[in-house]
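What follows is a set of notes on a single structure, which appears directly below.
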Amino acid sequence: MVEPESLSVRTWAEPAPDWHKVLMLWKEMWLCYTRIFGVLYLFLVLYASTVLWVLRRCFREKKYRLPSLNIMLVFMGLTRSFVFFLNPYSTVEEPSQSLIVFFAILTGIGGACTTSAVSILLLIVLDSTKTTLGPSQFTRLPVFLGITVTNVTYLIISDLIVWFEPKAKPMIIACQVSFSLWGLFITVGYLAAGARIRRNLSASHRMSSYNRCFREQSKGLQSLLRLLYACAVVGVLYFVLSIYSATNNDFGVSNGSAYVKREWDWLGLQTSSRILEISLSVLMLVITTRSLRNEPEDRYVIERTACKTSKRNACSLETRTSHLNREPSLITDLPKFQQVSYV
């Protein structure tokens, strides 16, 4: 098959620095840069794989949300580390055009996996806090996975079309912007779930002042609330930066030149994106591991019910156990009158 010659041998539809000149300037710094990020993504793969191994029983019980989230993070980390170790930003000496397209598709799939993981975590948080965002039929795991598959399919098709017809570059812009807008919508869900948790905390604040059980539960909810807000902030920065990178005339596909003129600005943009992506992934994994801490080893959960206040204004706790026939929960058990549903 004859490869198209309308694109530069050293670049893809998206502009990049003139590596012949830049690599002579950056030298060892570029090698350290790519190796550090490659190792960081490998650590992320090990972290997510460990959590996935602990959650392996969820497959037998047909509980797929938490495992699906970790699978997405594993794939994202693998694609990123693969690219950083073998051909970061197509810096390999004289690569073929098909190789450049292959690594461009891998890079896009990595971003799609990040967005998908953010979406799945939203489902878990919404169920845990009994928060709704639109019709219930649209907030299901198969629907979100279907959106991810559709986006990845469009990404692959658009990259292949641009390979043969560079004038179709707006297809890549549309793909990148749609991914980022979807991610921004997901972060709104994090804020809504955080607001629901804050209301729960406010309602139980009076009880927590003299009840040790309530105090422990409030601490757990406050920790989850901080993590959700951190995810929302990092997610907004990450997806806004992605939109800026896709639509900017200097760094995006709309650049008429094959090379970027401001190499250091380009490097800062890429570095910020990778740091935000890794930070967002780590935050999601930390929230995921809450379910492992909240679940007893004997697969039974303690449900504490607040008793009615006696004539002496003394409150006691009645404890009972029930079989945990549901997915691991992100939120510790709450009193019955204020119970939050489990995932």
Side-chain angles (χ1 to χ4, degrees), residues 12-17 33 37 40-41 44 69 72-73 76-77 79-80 83-84 89 104 107-123 125-126 131 133-134 144 147-148 150-152 154-155 158-159 169-195 225-255 260-287:
W12 171 229
E14 296 177 282
Y33 175 89
F37 276 107
L40 288 176
Y41 279 110
L44 187 65
L69 187 151
M72 290 298 171
L73 292 179
M76 184 274 291
T79 56
R80 292 284 193 251
V83 170
F84 270 107
Y89 303 104
T107 302
I109 291 176
C113 290
T114 302
T115 307
S116 180
V118 173
S119 305
I120 296 172
L121 181 59
L122 175 64
L123 292 180
V125 173
L126 289 180
T131 305
L133 289 177
F144 278 36
I147 293 174
T148 300
T150 301
N151 287 335
V152 170
Y154 177 78
L155 181 149
S158 61
D159 281 354
K169 290 191 294 185
M171 294 182 64
I172 295 181
I173 300 178
C175 180
Q176 294 173 342
V177 172
S178 63
F179 264 79
S180 301
L181 289 177
W182 174 250
L184 284 175
F185 172 76
I186 296 301
T187 57
V188 174
Y190 286 170
L191 296 176
L225 184 62
R226 288 191 293 268
L227 289 172
L228 287 179
Y229 284 157
C231 268
V233 171
V234 176
V236 167
L237 292 176
Y238 173 71
F239 291 115
V240 167
L241 196 63
S242 299
I243 294 175
Y244 172 79
S245 176
T247 58
N248 186 270
N249 292 330
D250 294 327
F251 309 114
V253 176
S254 57
N255 188 342
V260 295
K261 297 179 180 179
R262 296 179 294 168
E263 293 87 358
W264 286 104
D265 292 343
W266 176 89
L267 181 63
L269 180 65
Q270 298 299 326
T271 303
S272 300
S273 296
R274 300 288 74 78
I275 291 176
L276 289 172
E277 185 176 60
I278 293 174
S279 301
L280 183 60
S281 302
V282 171
L283 285 171
M284 287 189 288
L285 286 172
V286 171
I287 294 177

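With contacts defined as side-chain heavy-atom distances shorter than 4.5 Å, the pair D250/K261 does not qualify. A 4.5 Å side-chain heavy-atom check between F239 and L181 finds every atom pair outside the cut-off. The shortest distance between side-chain heavy atoms of L44 and L285 falls below 4.5 Å. Between S242 and F179, every side-chain heavy-atom pair lies at or beyond the 4.5 Å cut-off. In this structure, the side chains of Y41 and R274 come closer than 4.5 Å at one or more pairs of heavy atoms. Using a 4.5 Å cut-off on side-chain heavy atoms (C-beta onward), C231 and T187 make no contact. Residues I243 and L184 meet the side-chain proximity criterion, which asks for heavy atoms closer than 4.5 Å. When side chains are defined from C-beta on, W182 counts as touching F144, because their heavy atoms get closer than 4.5 Å.
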Requested in this report: Would you sort out whether I172 and D159 count as a side chain to side chain contact (heavy atoms under 4.5 Å, CB included), showing the intermediate values?
Outcome: CA-CA 7 Å; I172 295 181; D159 281 354; 3.6 Å; yes
**Report entry** Candidate pair T114 and M72, rule side chain to side chain contact (heavy atoms under 4.5 Å, CB included), full reasoning
**Finding:** CA-CA 7 Å; T114 302; M72 290 298 171; over 6 Å; no
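Shown here are the side chain to side chain donor-acceptor pair (under 3.5 Å) partners of Y33, two or more places apart in sequence or in another chain: T271. Y238 meets the side chain to side chain donor-acceptor pair (under 3.5 Å) test with E277; sequence neighbours excluded.
Put simply, the side chain of S272 gets close to the backbone of G268: a donor and an acceptor are under 3.5 Å apart. With hydrogens and angles disregarded, no donor-acceptor distance shorter than 3.5 Å links the side chain of S116 to the backbone of A112. Formation of a donor-acceptor pair under 3.5 Å by the Y190 side chain with backbone atoms of L227 is not found in this model.
Shortest non-hydrogen contact noted between P15 and V260 is CB-CG1, 3.8 Å. Summarising the geometry of L280 relative to V118, their closest heavy-atom pair is CD2-CG2, 3.7 Å, with the distance given to 0.1 Å. The heavy-atom pair separating Q176 from A246 by the smallest distance is OE1-CB, 3.1 Å. Residues S279 and V234 approach most closely at CB-CG1, 4.2 Å, considering heavy atoms. Heavy-atom minimum distance, L276 versus L241: CD1-CD2, 4.1 Å. Across all non-hydrogen atoms, the minimal contact from T79 to M76 is OG1-O, 2.8 Å.
Annotation: the span from L122 atom CG to L228 atom CG amounts to 9.5 Å, rounded to 0.5 Å. Atom CG of residue L269 and atom CZ of residue R262 lie 10.0 Å apart, to the nearest 0.5 angstrom. In this structure, CD1 on I278 lies 5.5 Å from CZ on F37, to the nearest 0.5 angstrom. Taking OG from S158 and NZ from K169, the interatomic distance works out to 13.5 Å, rounded to the nearest 0.5 Å. To the nearest 0.5 Å, the span separating CG on L40 from OG on S281 amounts to 11.5 Å. Distance check: L73 CG to C113 SG gives 8.5 Å after rounding to the nearest 0.5 Å.
Using a 30° and 60° split on the angle between ring planes, F84 and Y89 fall in the perpendicular class, above 60°.
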